[in-house]
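Below is one structure, written out as structure tokens, with a few remarks after it.
Not measured: the values here are computed from a predicted model. Note on naming: letters A, B, ... go to the chains in the order of the sequence lines (proteins, then strands), and numbering restarts at 1 for each one. FYI, side chains are in, hydrogens and waters are out, and symmetry mates aren't considered; it's all heavy atoms of this structure.
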There are 2 protein chains.
Amino acid sequence: MEAPKQEQGEPARLPTIKDVAGLAGVATSTVSRALSNPDRVNRRTRERIEEVAARLNYVPSSQARGLSSGRTNAVAVLVPDITNPFYFDIIRGTQHQLKAAGFTQLLVDTEESSEMELDALHKMRRSADGFILAASRLTDAELAEVSGTQPLVTINRASAIAPSVVIDTPSAIIQALEHLASLGHQRVCYVSGPPTSWSNHMRWKVFEEESAHRGMDAHRIGPFVPKTTSGAAAADAAVRTGATACIVFNDLLAIGMLQRLRERGIRVPEDISIVGSDDIFGADFCNPPLTTIASPIEQAGRVAVSMLLSQLNPTPGRSSRQLAVMPTHLTIRASTGPAPAQA
Amino acid sequence: MEAPKQEQGEPARLPTIKDVAGLAGVATSTVSRALSNPDRVNRRTRERIEEVAARLNYVPSSQARGLSSGRTNAVAVLVPDITNPFYFDIIRGTQHQLKAAGFTQLLVDTEESSEMELDALHKMRRSADGFILAASRLTDAELAEVSGTQPLVTINRASAIAPSVVIDTPSAIIQALEHLASLGHQRVCYVSGPPTSWSNHMRWKVFEEESAHRGMDAHRIGPFVPKTTSGAAAADAAVRTGATACIVFNDLLAIGMLQRLRERGIRVPEDISIVGSDDIFGADFCNPPLTTIASPIEQAGRVAVSMLLSQLNPTPGRSSRQLAVMPTHLTIRASTGPAPAQA
DNA sequence: CAACTTTTGGCAAACGCTTGCCACTGATGT
DNA sequence: ACATCAGTGGCAAGCGTTTGCCAAAAGTTG
């Protein structure tokens with residue numbers, strides 16, 4: 001494949017603010033202001049400058065801009081696992097909102113590791129104006145330290161320390177248990193995810209309390225890596241508890257369980273009911289379609305961006321919001337059904 | 001939520017190369033070289049500098065670096081639809097490889113629009129060293145123009161113009177038709193995707209040729225927006241052609257069709273066989289699991305990055321590769337089966 | 001019309017780094 | 001002993017913006 005390398009004859013130097021200034025007959029400072037601070041300059045001048053800029057196809061260098069202004073117009077979004085559809089939804093949300101605000105999104109996969117998370121936070125502190133931490137794996141202390149240094153907002157990780165947007169887990173778990181109770185389930189099991197996950201912790205806590213409150217028999221298994229591949233182990237463990245219904249840390253794991261149960265000939269929902277969480281892509285068309293705790297994840301991403309941005313340039317009047325709670329609702333599909341008759 | 005705003009007392013100016021130079025007793029230029037061009041400096045000096053840098057927790061400003069060196073160490077990845085799992089796989093691949101090479105990934109959603117694509121290409125030409133265009137919607141002319149200006153590689157869009165990595169579509173379609181033929185299908189249908197998609201174009205071309213070659217009766221329907229929501233229309237149209245088997249532009253659409261067919265009580269594969277394309281997340285657990293044309297998409301992303309990087313700093317010896325073809329294979333699951341007996 | 005106050009635009013100093021060029025030091029070759 | 005040279009390190013000129021400060025111009029007021 002020796003395709004001809006087409007070389008550019010002209011190095012085609014990109015036009016700079018200087019070129020614009022020259023052609024418009026003003027100083028570079030005026031061009032700078034005309035473009036980023038329009039009121040600071042006479043309308044006529046501004047229009048002339050804009051015209052020249054457009055003609056030259058001028059695009060300011062974000063590098064230079066960042067260097068002199070101290071702002072980068074970029075926000076880093078840190079997710080534990082870029083592979084997980086759940087985060088895709090968040091990424092979609094942040095991407096959308098950031099773009100709307102003229103910001104660039106820097107996507108980072110922290111691979112479920114708090115070290116990588118800290119490292120990224122540190123390495124990028126110069127290249128991003130702020131951070132969005134999705135499902136942070138940081139300890140409270142670490143979070144506090146980082147939060148003191150740079151603007152950030154967390155998703156699915158509440159703390160008094162940093163602004164955060166969280167899913168209304170308690171309500172979700174309660175809804176799910178209510179649903180299961182109404183189907184006659186008595187022996188229920190929580191299938192847990194990563195031990196470092198705050199939301200996993202929350203879910204179990206509420207699960208435990210609420211099932212006790214309803215006089216249900218609560219089990220817990222795990223932790224499991226929240227991937228479909230861990231579903232087999234989770235399914236086997238779940239069956240072993242004798243529970244007739246499971247609430248699973250997330251849909252990925254739940255879908256994996258579904259597959260395993262099917263392999264083992266255990267019918268869902270006739271033999272065991274499964275409730276997932278997050279309503280990710282695929283939850284509606286797996287087999288059987290998954291009953292799951294749905295929440296507006298993409299919107300969570302958007303809200304997080306809004307909170308971050310209002311933190312970046314604070315409106316003197318009102319202080320920016322410190323906590324946003326996203327509503328949840330149970331989406332009932334075919335993976336939950338009446339509890340099997342007593343054996 | 002009036003949480004106390006914790007203000008930083010000390011502005012905590014980040015250490016610069018100057019600070020490091022000061023403490024190490026050398027000039028900034030030496031620090032710069034020690035850090036980015038280690039051989040240019042004495043080992044002892046370098047070690048001292050490194051020690052100081054580590055102690056100060058120094059991180060070079062990518063902005064300043066970029067400004068003076070002309071390189072940004074960032075690559076922009078443009079995808080038509082960030083919502084589509086297919087691109088997630090690509091993004092995963094590029095992300096992984098870029099990170100390994102110390103590059104930052106700038107993710108852009110072009111929303112299936114060639115205008116947005118061109119715009120991004122233009123606006124970001126200063127902030128990225130190169131571009132990866134996944135399933136570009138650009139015309140040949142546009143692509144040629146852009147390619148002349150900045151380093152880029154395309155994925156799933158071959159052209160003599162720019163380096164590209166493509167999926168081996170012909171082989172894939174042939175395999176699929178072979179599979180269908182061996183199941184006794186005679187009347188087959190191609191369900192097409194976006195008209196601006198090069199790969200869609202290719203698939204149909206090969207489909208047409210190969211089915212003619214095999215004496216099969218080839219139909220074509222569409223174009224459809226490649227999302228599950230278009231599946232219903234596609235399914236209805238497909239049924240109407242009387243075809244007993246469909247090859248579908250992508251899995252998203254195929255999964256949507258599966259759902260619709262199920263609703264209509266048309267059995268897959270007993271009444272009609274469906275072959276998807278891409279083997280995205282979900283293709284293995286939908287109902288029925290989808291027979292699909294699988295290819296190493298994530299790897300395609302990685303290869304694209306490699307090609308781009310070798311284009312960025314060319315090795316004098318060998319010219320960088322202009323085309324990479326990713327192998328494909330048919331993953332047979334449960335959505336294809338013997339053709340129904342003649343009506 | 002003088003004395004102010006706004007508006008508007010220019011000057012030049014950063015911002016933090018890279019890099020071409022030069023100078024110095026020892027080592028090597030003759 | 002002298003010229004040469006590779007290895008090191010410093011100087012200073014950028015890179016393309018923003019922005020504080022100042023001055024000229026234009027508008028307002030009494």
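- Between the CZ atom of Arg126(B) and the P atom of dT17(D) there is a distance of 5 Å, given to the nearest Å.
- Between Ile49(B) atom CD1 and dT8(D) atom P the separation is 13 Å, expressed in whole Å.
- Separating the CZ atom of Arg46(B) from the P atom of dT8(D) is a distance of 10 Å, rounded to the nearest angstrom.
- Arg44(B) places its CZ atom 15 Å from the C1' atom of dT25(C), with the value rounded to the nearest Å.
- Residue Val59(A) is classed as a sugar-phosphate contact, given heavy-atom separations below 4.0 Å to backbone atoms only.
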Applying side chain to side chain donor-acceptor pair (under 3.5 Å), run through Arg125(A) and Thr149(A) and close with a yes or a no.
CA-CA 9 Å; Arg125(A) 65 190 201 274; Thr149(A) 314; over 6 Å; no
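- Place Ser68(A) and Asn42(B) on DNA chain D by their nearest nucleotides, and Asn42(B) ends up nearer the 5' end.
- When distances run from any side-chain atom of Val26(B) to the nucleotides dG10(D), dG9(C), dG16(C), the shortest one goes to dG10(D).
- When each of Val146(A), Leu152(A), Asp140(A), Thr154(A) is tested with Ile161(A) by the rule side-chain contact (heavy atoms from CB on, under 4.5 Å), just one qualifies, namely Asp140(A).
- No hydrogens or angles considered: nothing links the side chains of Thr72(B) and Gln63(A) as a donor-acceptor pair under 3.5 Å.
- DNA chain C is contacted by both Ser29(A) and Ser69(A); Ser29(A) maps to the nucleotide lying nearer its 5′ end (nearest heavy atom per residue).
- Annotation: of the two residues near DNA chain D, Pro15(A) and Arg33(A), the 5′-most nearest-nucleotide partner is Pro15(A).
- Comparing dT17(D), dC17(C), dG16(C) by their nearest atom to the side chain of Leu67(B) picks out dG16(C).
- Note on Ala27(B): only backbone sugar-phosphate atoms sit closer than 4.0 angstrom, heavy atoms only; bases stay farther off.
- Of the candidates dC11(D), dT8(C), dT8(D), dT8(C) carries the atom nearest the Thr45(A) side chain, counting heavy atoms from C-beta on.
- Arg33(A) has no carboxylate O lying under 4.0 Å from a charged side-chain N of Asp39(A), or vice versa, which leaves the two without a salt bridge.
- Tyr87(B) meets the ring-ring contact (aromatic ring centres under 6.0 Å, His included) test with no other residue; sequence neighbours excluded.
- Between the side chain of Thr28(B) and the base of dC17(C), no donor-acceptor pair of N or O atoms lies under 3.5 Å.
- As rounded to whole Å, 9 Å separates atom P of dG16(D) from atom CG of Leu14(A).
- A side-chain donor-acceptor contact under 3.5 Å links Thr139(A) and Glu142(A).
- Between Arg40(A) and Val31(B), the residue anchored closer to the 5' end of DNA chain C is Arg40(A), taking for each the nucleotide with the nearest heavy atom.
- Counted by atom type alone, Arg92(A) and Thr83(B) present one or more donor-acceptor pairs between their side chains at under 3.5 Å.
- Between its two ends, the helix from dC1(C)-dG30(D) to dT30(C)-dA1(D) turns its axis by 30°, counting five pairs per end and rounding to 10 degrees.
- Evaluation of atom-type donor-acceptor distances gives no pair under 3.5 Å for the side chain of Ser32(B) against the base of dC17(C).
- You'll find that the side chain of Ile17(B) is closest to dC17(C), out of dG10(D), dG16(C), dC17(C).
- When heavy atoms are screened at a 4.0 angstrom cut-off, Arg71(A) is found touching the sugar-phosphate backbone but no base atom.
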